[in-house]
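Fair warning: this is a prediction, and the values are worked out from it, not measured in the lab. We use all heavy atoms of the structure for the numbers below, so side chains are in, but hydrogens, waters and symmetry mates are not.
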Amino acid sequence: MSHAAESNPSVAFLGLGAMGRGMTERLVDQGYRVRVWNRSSAPAEELASAHDAVERAASVAEAFAAEPVVHSMLTDDAVVLSVFSDELLAGIPAGRVHVNHATISPAAAAELAERHARHGVGYVSAPVLGRSTVAHTGALLVVGSGDPAAFAAATPSMEALGARLWNLGTDPRLAAVVKIAVNYSILNALQSIAESVTLVEAGGIDPSTFVEILTHTAFSGSAHKGYGPIIAEKRYQPVGFAMSLGLKDLTLVEDAAAELGVALPVAPVLHELFEAALADTELAQLDWSAVAEITRRRRQG
């Protein structure tokens, strides 16, 4: 390795699914050396072969031993709580920082922060907003909260990952609540687009023309402009966000709302639609926006 490469900043990244892989590639593009780990070895091997700046770690413990800041993007509450156990954290050098990008429940975020604190490891809750297909471009948004010292240590690499970083405060639950609330708005947008498109199709209007009208002024945000054409044209591949993860995030929202005493009248409707989509072997494999097909199929006549 050259002297120039040795002077580059370095971090570790754990979890190399579609989002984690894209985020790792973004860090490499920003001049980072990245030590990677994945539960199955093939994705780590592929990244290490494709990038000189990527090196494999044999274990999570090895990644923490080698790097002061470790980012992770794992699947859900159960996986994150299993990987970052008290047993693992007890063996990690004090002063290390873990930045957790997974979409998890506020309760899990609080539990993880307590575990890390018990063993002198900094913890930052930092879920990302955006589709996995743009993760490598730096277009993701990062919402973070947690211990101030840990947040400060991880700020350079968090800023390198996306277009903007928000510091929401010291409570690790805050970023989790914001992330699932954003996803709940997207879930509602998917269904509103599905219903509007189905309505205009029933009236003999081209759905793509309708989406162009819809997004020109009234709904010009990324959710409608991004998912409107996908739904109108039924372009549900490549998968930017899995159908099963859509229901997972909706369930997180419902659980958080119950804990906070908030009524979400539309949530049961969305839940039923996602369950119907997942029960269909074809739709279950497509992007979560394919939930729109359930509404299309229920059109009368």
Would you indicate whether the side-chain heavy atoms of [Y] and [X] approach each other to under 4.5 Å?
| X | Y | result |
| --- | --- | --- |
| Val99 | Ser125 | no |
| Trp166 | Leu141 | yes |
| Glu55 | Val36 | no |
| Phe13 | Arg35 | no |
| Pro9 | Arg33 | no |
| Val128 | Met19 | yes |
| Met158 | Val124 | yes |

[X] to [Y] - nearest heavy-atom pair and separation:
| X | Y | result |
| --- | --- | --- |
| Ala176 | Ile104 | CB-O, 3.6 Å |
| Ala153 | Val69 | O-CG2, 3.9 Å |
| Ala223 | Ala189 | CB-CB, 4.4 Å |
| Leu161 | Leu140 | O-CB, 4.4 Å |
| Val83 | Val60 | CG1-CG2, 4.0 Å |
| Ser10 | Glu67 | OG-OE1, 2.7 Å |

Between [atom1] of [X] and [atom2] of [Y], what distance do you get to the nearest 0.5 Å?
| X | Y | atom1 | atom2 | answer |
| --- | --- | --- | --- | --- |
| Glu46 | Arg21 | CD | CZ | 7.5 Å |
| Lys225 | Ile230 | NZ | CD1 | 14.5 Å |
| Asn183 | Leu250 | CG | CG | 10.0 Å |
| Ser105 | Glu254 | OG | CD | 13.5 Å |
| Leu112 | Leu81 | CG | CG | 5.0 Å |

Would [X] and [Y] pass as an ion pair if we require N to O under 4.0 Å?
| X | Y | answer |
| --- | --- | --- |
| Asp287 | Lys234 | no |
| Glu201 | Arg296 | yes |
| Glu111 | Arg115 | yes |
| Glu45 | Arg56 | yes |

May I ask whether [X] and [Y] are part of the same hydrophobic cluster, defined by side-chain heavy atoms of I, L, V, M, F, W, Y residues being less than 4.5 angstrom apart, directly or through others?
| X | Y | answer |
| --- | --- | --- |
| Leu199 | Val197 | no |
| Phe151 | Val121 | no |
| Tyr227 | Leu286 | yes |

Q) Given the rule in the side-chain hydrogen bond (donor to acceptor under 3.5 Å, both in side chains) test, do Asp249 and Thr103 qualify, once you have shown the distances and angles that lead to the verdict? A) CA-CA 8 Å; Asp249 285 359; Thr103 301; 4.6 Å; no
Side chain to side chain contact (heavy atoms under 4.5 Å, CB included) partners of [X], counting only residues at least two apart:
| X | result |
| --- | --- |
| Val182 | Leu129, Val178, Ile186 |
| Thr209 | Asp206, Ile213 |
| Val269 | Leu273 |

Q | Arg131 atom CZ: more than 12 heavy-atom contacts under 6.0 Å | A |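 Enclosed: over 12 neighbouring heavy atoms sit under 6.0 Å from CZ of Arg131.
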Q. So which pairs with a foot in residues 230-259 pass ring-ring contact (aromatic ring centres under 6.0 Å, His included), sequence neighbours left out?
A.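 Residue pairs passing ring-ring contact (aromatic ring centres under 6.0 Å, His included), neighbours aside: Phe241-Trp288.
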**Q.** Where at least one partner belongs to residues 189-225, residue pairs that pass ring-ring contact (aromatic ring centres under 6.0 Å, His included), sequence neighbours excluded
**A.**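 As it turns out, the ring-ring contact (aromatic ring centres under 6.0 Å, His included) pairs with a partner in residues 189-225, which skip direct neighbours, are Phe219-His224.
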Q.
I'd like to check the ring-ring contact (aromatic ring centres under 6.0 Å, His included) partners of Tyr123; sequence neighbours left out, ordered by chain and number.
A.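 Checked Tyr123 against ring-ring contact (aromatic ring centres under 6.0 Å, His included); matches are His98, His116.
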